[in-house]
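Beneath this line is the structure, given in structure tokens, with notes to follow.
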Amino acid sequence: MTKYKALIGLEMHCEISETKTKVFSGAKNGYSSKSNEFIHPLDMAFPGTLPVVNKEAVRKALMVSIILNCKQPEYLYFERKNYYYPDLPKGYQITQETKPAPIGVNGVFTYDCHDEEKSVRINNIHLEEDSASLDHFSKMSLIDYNRSGMPLLELVTEPDFRSSEEAVAFLETMRAIYQYAGISEADSKKGQIRCDVNVSIMEEGLDETDPANWGTKVEMKNVNSFGSVKETIDYEISRQIALKESGKYDEMEQQTRRWDDEAKETKYMRGKVDAIDYKYFIEPNIPKFKITKEWLEEIKASIPPLQKERRDKYVSEYGLKPYDAKVLVKDRSVSDYFERVVQTGVKPSEAVNWITTILLGAINKLEIGIDEFFITSSMLAELLQMVEEGKISKNQAKNALYEAVEKEKNPIDIVKEQGVSQIQDESSLKEMVDKLLLEHPKEVDDYLNKGLTNVVNFFLGQVMKQTQGKANPAKTMQILKEELDKRKTN
């Protein structure tokens with residue numbers, strides 16, 4: 001894209017899943033595959049019900065605002081956004097507009113994209129209630145109120161992204177923030193993350209800081225995965241460039257489109273609705289309340305180490321390679337698993353190898369999270385401690401782990417069932433080595449007179465073969481070198 005540049009803005013929606021109840025009702029805030037399990041009369045807009053603000057949801061929202069370097073309001077308001085849709089039984093949504101003030105405004109946040117630091121301006125972040133969800137069938141649609149009223153954070157950026165890679169890198173960073181800060185599971189499979197994408201293009205040589213030079217903004221609604229966000233942006237940039245090249249771009253109206261995952265293209269939905277059509281006004285049933293500086297300082301002090309801090313710790317304190325540290329911290333549950341293994345005394349360099357090479361491959365194949373995996377951190381730690389203590393070899397441990405994955409069993413049980421253990425008795429190993437040296441005089445001569453060091457590995461291989469891999473390789477190697485060097489001096 002040499003003649004044109006893209007201006008990409010994001011509206012990221014993330015459910016605050018880590019509160020006990022919903023944002024304005026006493027219904028349980030939880031995910032369930034059973035429809036209408038977590039509901040309250042308020043969620044279904046029964047007459048006479050009144051909203052009550054969940055303070056913990058506000059606290060978590062303010063924490064995100066602080067992390068994004070936004071300005072927090074002095075007083076907190078909620079407003080009504082008036083529109084009709086079948087999954088919004090009240091006919092309005094309790095939310096926040098930019099006036100008087102949402103949870104946060106005017107932030108500037110830095111993130112990494114391909115090891116390069118990028119910056120994005122945060123227009124605002126606001127707290128609102130989620131709508132219900134619709135299940136569509138051939139002749140009807142059913143409403144599930146489980147999601148209705150869940151606390152939802154909407155994060156709106158300025159159009160500061162210039163590629164789909166930058167947009168996805170930011171979204172991945174935000175997902176990690178929500179997870180590490182204890183705000184949300186941020187699980188797209190549970191519908192906890194959704195994204196609207198705004199794309200326009202402009203000629204490369206024009207001043208991008210002047211909105212008059214921007215092209216016509218096109219919004220893509222409810223893109224449900226980061227992979228689809230990338231495909232949506234790339235397709236829409238190409239589509240708009242084609243309109244530019246054909247001279248039809250200026251005829252295009254500001255519009256809302258959707259991503260068709262099967263056709264791999266965006267499709268027209270409607271002309272873009274302006275905010276004035278929602279007839280915002282202050283929610284009369286929720287009085288404004290003051291957000292004190294003391295409370296903000298308390299929230300700021302409670303922010304735990306986030307993804308970047310853990311990554312830096314793994315490199316500087318644990319001596320891990322930057323790539324390995326990056327893999328570990330991509331998902332908080334993986335990082336937590338690693339931390340639990342290391343806390344038992346396992347060397348970090350050993351733990352990371354087993355987790356990234358075997359366990360992550362297994363859970364990706366099973367399409368589950370590591371916290372759902374039947375091989376717990378304590379199981380892996382015990383297995384690695386057996387290797388460290390010389391009770392079993394690395395190869396034996398790997399075989400036990402692979403079999404454990406296949407059979408969904410504790411790897412320690414497999415080790416016990418198979419009677420797997422290392423031969424560590426020095427007299428037994430020495431007897432075996434002496435016999436092999438007598439049986440292979442040529443190889444001994446190659447070592448003594450020709451200096452062929454690979455002879456030691458040959459003998460080690462023979463010992464491992466005879467013992468079916470049960471000989472302690474370190475002790476065997478030590479005995480081999482000692483016995484061969486004795487013959488050198490004789």
Gln192 side chain vs Glu15 backbone, donor-acceptor pair below 3.5 Å: no
Atom of Phe161, atom of Gly9 and distance for their closest heavy-atom approach: CD1-CA, 4.5 Å
Salt-bridge criterion met for Arg340 and Asp336 (N-O under 4.0 Å): no
Within 6.0 Å of NZ in Lys244, more than 12 heavy atoms from elsewhere: yes
Closest heavy-atom pair and its distance - Gln385, Thr344: NE2-O, 3.1 Å
Chi angles and distances behind the side chain to side chain contact (heavy atoms under 4.5 Å, CB included) call for Leu155, Phe109: CA-CA 12 Å; Leu155 169 60; Phe109 182 71; over 6 Å; no
Test: Glu245 and Lys3 ion pair at under 4.0 Å: yes
Asp260 side-chain N/O to Thr266 backbone N/O, donor-acceptor pair under 3.5 Å: no
Ser200 side chain near Thr216 side chain, heavy-atom distance below 4.5 Å: no
Heavy-atom side-chain contact between Asp331 and Ile370 under 4.5 Å: no
Min side-chain heavy-atom separation Gln72-Ile291 under 4.5 Å: no
Gln240 side, atom CD; Leu243 side, atom CG - distance, nearest 0.5 Å: 7.0 Å
Glu79 (side chain) donor-acceptor with Glu97 (main chain) under 3.5 angstrom: yes
Leu153 side, atom CG; Met63 side, atom CE - distance, nearest 0.5 Å: 11.5 Å
Residue pairs involving residues 357-371 (criterion side-chain hydrogen bond (donor to acceptor under 3.5 Å, both in side chains); sequence neighbours excluded): none
Distance (rounded to the nearest 0.5 Å) between Leu306 CG and Ile67 CD1: 5.0 Å
Parallel, tilted or perpendicular: rings of Tyr83 and Tyr278 (30°, 60°): perpendicular
Lys/Arg-Asp/Glu bridge criterion (N-O < 4.0 Å) met for Lys326, Asp112: no
Minimum-distance pair of heavy atoms, taken over all atoms of Arg175 and Met12: N-CE, 4.2 Å
Lys/Arg N to Asp/Glu carboxylate O, Glu18 vs Lys60, below 4.0 Å: no
Taking every non-hydrogen atom, the tightest pair across Ser25 and Leu42: CB-CD2, 3.6 Å
Trace of the side chain to side chain contact (heavy atoms under 4.5 Å, CB included) decision for Tyr180 with Glu309: CA-CA 10 Å; Tyr180 278 86; Glu309 286 84 356; over 6 Å; no
Non-hydrogen atoms of Val23 and Glu128 that approach each other most closely: CG1-O, 4.2 Å
Val52/Phe24 under side chain to side chain contact (heavy atoms under 4.5 Å, CB included): CA gap, chis, key distance, verdict: CA-CA 5 Å; Val52 178; Phe24 299 120; over 6 Å; no
Main-chain N/O of Asn146 paired with Lys22 side-chain donor or acceptor, under 3.5 Å: yes
Nearest-0.5 Å distance, CG of residue Asp234 to OG of residue Ser164: 3.5 Å
Under-4.0 Å salt bridge between Glu116 and Lys118: yes
Side chain proximity check, Ile237 to Tyr4, heavy atoms < 4.5 angstrom: no
Side-chain donor/acceptor of Arg332 to backbone N/O of Gln179, under 3.5 Å: yes
Close side-chain approach of Gln93 to Ser131, heavy-atom, < 4.5 Å: no
Polar side-chain atom of Gln254 near backbone of Lys217 as donor-acceptor pair, under 3.5 Å: no
Within-4.5 Å side-chain heavy-atom neighbours: Leu142 and Ser35: no
Pairwise distance CD1(Ile355) to CD1(Ile375) - rounded to 0.5 angstrom: 11.5 Å
For Phe226 against Val168, the heavy-atom pair lying closest together: O-CG2, 3.7 Å
Cation over ring face, Lys290 and Tyr75, 6.0 Å, 45°: yes
Over 12 non-hydrogen atoms of neighbours within 6.0 angstrom of NZ in Lys90: yes
Close side-chain approach of Ser377 and Glu339, heavy atoms under 4.5 Å: no
Residues, nucleotides or ligands: over 12 heavy atoms within 6.0 Å of Lys264 NZ: yes
Residue Lys81 excluded, over 12 heavy atoms near NZ under 6.0 Å: yes
Main-chain N/O of Met202 paired to Trp214 side chain as donor or acceptor, under 3.5 Å: no
Ring center gap for Tyr314 and Phe338 short of 6.0 angstrom: yes
Glu56 and Thr19 side chains, donor-acceptor separation under 3.5 Å: no
Arg147 and Ser133: CA distance, side-chain angles, deciding distance, side-chain hydrogen bond (donor to acceptor under 3.5 Å, both in side chains) verdict: CA-CA 6 Å; Arg147 200 178 72 182; Ser133 58; 4.9 Å; no
Sidechain-backbone polar pair: Asn285 side chain, Pro51 backbone, donor-acceptor under 3.5 Å: no
Carboxylate-amine/guanidinium contact Lys407 Glu403, below 4.0 Å: yes
Verdict with supporting geometry, Arg239 and Glu236, salt bridge (charged side-chain N to carboxylate O under 4.0 Å, His left out): CA-CA 5 Å; Arg239 188 186 74 85; Glu236 191 58 25; 2.5 Å; yes
Short side-chain to backbone donor-acceptor contact, Tyr111 and Val120, under 3.5 Å: no
pair Tyr268-Glu253: side-chain heavy atoms closer than 4.5 Å: yes
Step-by-step side chain to side chain contact (heavy atoms under 4.5 Å, CB included) determination, Asn36 to Asp144: CA-CA 5 Å; Asn36 297 312; Asp144 180 1; 3.7 Å; yes
Ser228 (side chain) donor-acceptor with Asn224 (main chain) under 3.5 angstrom: no
Point-to-point distance, once rounded to the nearest 0.5 Å, from CG of Asn54 to CG of Asn29: 8.0 Å
Neighbour count above 12 (heavy atom, 6.0 Å) for Lys330 NZ: no
